[in-house]
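Structure record follows, encoded as structure tokens.
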Protein chains: 2
Amino acid sequence: MEAATDEPDVDELMEQFHDYLSKKQLKSTRQRDIIARRFFSTGGHLSIEELLVLAREENPRIGYATVYRTLKLLTECGLAAQRRFGEGQAIYETAGDTEHHDHLICIECDFVLEFANDEIERLQDQVARSFGFNLVRHKLELYGLCPKARGIKGGSCPREEDEARGDRVGLT
Amino acid sequence: MEAATDEPDVDELMEQFHDYLSKKQLKSTRQRDIIARRFFSTGGHLSIEELLVLAREENPRIGYATVYRTLKLLTECGLAAQRRFGEGQAIYETAGDTEHHDHLICIECDFVLEFANDEIERLQDQVARSFGFNLVRHKLELYGLCPKARGIKGGSCPREEDEARGDRVGLT
DNA sequence: CTAACTGCAAACATTTTGCAACCTC
DNA sequence: GAGGTTGCAAAATGTTTGCAGTTAG
């Protein structure tokens with residue numbers, strides 16, 4: 001039950017991506033590398049559009065479709081996962097072989113915090129089994145008010161200080 | 001931890017809906033009544049399109065927009081809730097003041113089972129508090145293989161027998 | 001009667017796809 | 001060089017909105 005740290009080894013993830021590409025006889029291209037690296041570097045929680053903006057810092061000619069297609073590849077090989085927190089467009093997050101995590105989302109400032117709790121995971125498995133299901137994956141999102149949104153002094157709803165990067169906002 | 005029964009008192013829900021409408025000085029119309037009643041009767045888990053089909057059984061001239069607008073009203077007054085299980089279009093479910101429930105979804109046949117587990121709820125609250133959050137609501141979806149999908153004899157993945165109505169398919 | 005509602009079609013927003021030019025392997 | 005890739009623009013989805021005609025209160 002602690003916040004997962006979220007700056008995994010980008011190079012290793014890139015390597016996994018390249019492995020996947022060559023296994024599938026697909027090609028590593030400049031665009032894919034830029035997109036994937038930027039994506040991994042943020043630790044995830046990016047919309048297509050946000051990622052496009054980042055990628056274009058490096059190569060302004062990159063188009064929407066390439067970002068979509070690259071994220072689809074990353075999703076296929078398990079290095080990214082698509083999410084839909086609220087309305088509008090999808091959010092992608094890194095989903096490397098690292099441990100699973102769930103989300104705690106502030107409904108005031110949209111700050112997204114990741115956490116993992118083994119006890120909950122265990123119970124989920126138990127519930128699924130009790131219905132005869134074989135649990136494959138799950139999605140848990142907790143929505144509430146973060147300390148700052150509740151007006152607690154010293155509370156650290158990181159919207160202002162952290163918006164630029166690091167832990168990411170999910171909805172914008 | 002038992003499957004929630006899911007055919008609430010439709011008339012009462014209709015009444016709540018009408019109360020909301022008159023409170024807001026909005027009007028009860030034939031279309032709204034048809035849509036709302038059909039929606040409540042299924043127990044939820046309907047896409048706009050599925051609901052439109054049902055509504056048109058009763059009045060073929062009902063249009064998309066009216067269904068969207070009616071579901072928005074139902075959402076505003078807390079009688080419906082929008083969900084996005086996977087891709088594509090949103091699914092709406094009844095969300096009366098009745099107890100909360102989570103979802104267990106078969107990734108093979110898309111069957112959706114509802115359940116509630118107090119222990120999990122309690123832990124969620126605890127996690128949120130540990131981060132200084134005030135939990136408002138949450139979303140838990142378990143994805144796995146139902147008994148039938150796993151090939152267990154006597155398993156009851158209700159896709160075939162129940163597709164028509166009753167517990168509803170979430171993704172189609 | 002008046003203000004809200006409906007159905008249609010057009011507008012929007014997001015994601016996917018077809019294709020000619022262009023790179024990797 | 002061949003076959004996958006790119007960027008563009010067009011198409012496909014899913015949802016929202018403007019408007020003229022209709023209806024509930």
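Convention: sequence-line order gives letters A, B, ...; per-chain numbering from 1.
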Practice problem: Send over the distance from A:Glu76 CD to C:dT16 P, rounded to a whole Å. | Solution: 11 Å
Self-check item: Among D:dG4, C:dA4, C:dT15, the one nearest A:Gln89 by side-chain distance
Solution: C:dT15
Quiz item: Between B:Arg84 and B:Ile91, is any pair of side-chain heavy atoms under 4.5 Å apart?
Solution: no
Practice problem: Quickly work out the B:Ile34 CD1 to C:dT6 C1' distance and round it to whole Å. | Solution: 12 Å
Practice problem: Using atom CG of B:Leu73 as one end and atom C1' of D:dT16 as the other, report the distance to the nearest whole Å. | Solution: 14 Å
Exercise. Provide, to the nearest angstrom, the distance between the NZ atom belonging to A:Lys72 and the P atom belonging to D:dT6.
Key: 14 Å
Quiz item: Reckon A:Arg61 touches a base, only the sugar-phosphate, or nothing at all at heavy-atom distances under 4.0 Å?
Solution: sugar-phosphate
Quiz item: What integer distance in Å separates A:Arg84:CZ from C:dA13:C1'?
Solution: 11 Å
Practice problem: Establish whether the base of D:dG4 is bridged to the side chain of A:Arg69 by a donor-acceptor pair shorter than 3.5 Å. | Solution: no
Quiz item: Taking CG from B:Leu26 and P from D:dT23, how many angstroms apart are they, rounded to a whole number?
Solution: 19 Å
Self-check item: A:Leu13 side chain reached by A:Phe39 side chain, heavy atoms, under 4.5 Å
Solution: no
Practice problem: For B:Leu21 and for B:Arg56, find the nucleotide of DNA chain C with the closest heavy atom, then tell me which residue's nucleotide is more 5'. | Solution: B:Leu21
Quiz item: Does one side chain, of B:His138 or B:Asp125, offer a donor that lies under 3.5 Å from an acceptor on the other?
Solution: no
Quiz item: Between A:Phe115 and B:Phe131, how do the two ring planes meet: parallel, tilted or perpendicular, split at 30° and 60°?
Solution: tilted
Quiz item: Can you tell me if A:Glu141 and A:His103 form a side-chain donor-acceptor pair at under 3.5 Å?
Solution: no
Practice problem: Would you tell me if any nitrogen or oxygen in the side chain of B:Tyr68 comes within less than 4.0 Å of OP1 or OP2 on D:dT16? | Solution: no
Quiz prompt | 5'-most by nearest nucleotide on DNA chain D - B:Lys27 or B:Tyr64 | solution = B:Tyr64
Quiz prompt | A:Thr29 (side chain) donor-acceptor with A:Arg32 (main chain) under 3.5 angstrom | solution = yes
Quiz item: Is A:Arg32 touching bases, backbone alone, or none of the nucleic acid, heavy atoms closer than 4.0 Å?
Solution: sugar-phosphate
Quiz item: Using a distance-only test with no angle check, is there a side-chain donor-acceptor pair under 3.5 angstrom linking B:Glu50 and B:His45?
Solution: no
Quiz item: Looking only at heavy atoms, what is the nearest atom pair of A:Tyr92 and A:Thr75, with distance?
Solution: CE2-OG1, 3.9 Å
Quiz item: OP1 or OP2 of C:dT24 sitting under 4.0 Å from any side-chain N/O of A:Arg30?
Solution: yes
Quiz item: A:Gln25 side chain N/O closer than 4.0 Å to the phosphate oxygens (OP1, OP2) of C:dC25?
Solution: no
Practice problem: Calculate the interatomic distance between B:Ile91 atom CD1 and D:dT13 atom P; express it in whole Å. | Solution: 17 Å
Quiz item: Mapping B:Thr29 and A:Thr29 onto DNA chain D by nearest heavy atom, which one lands closer to the 5' end?
Solution: A:Thr29
Practice problem: Find the distance B:Leu52:CG to D:dG14:P and express it as a whole number of Å. | Solution: 13 Å
Quiz item: Closest to the A:Gln31 side chain: D:dG7, D:dT15, C:dT6?
Solution: D:dG7
Quiz item: Could you give the angle between the helix axes at the two ends of the helix from C:dC1-D:dG25 to C:dC25-D:dG1, with five pairs per end, rounded to 10 degrees?
Solution: 30°
Quiz item: Looking at the side chain of B:Ile62, which of C:dC25, C:dG7, D:dC8 is the nearest nucleotide?
Solution: C:dG7
Self-check item: Whichever of A:Ala65 and A:Glu49 has its nearest DNA chain C nucleotide further upstream toward 5'
Solution: A:Glu49
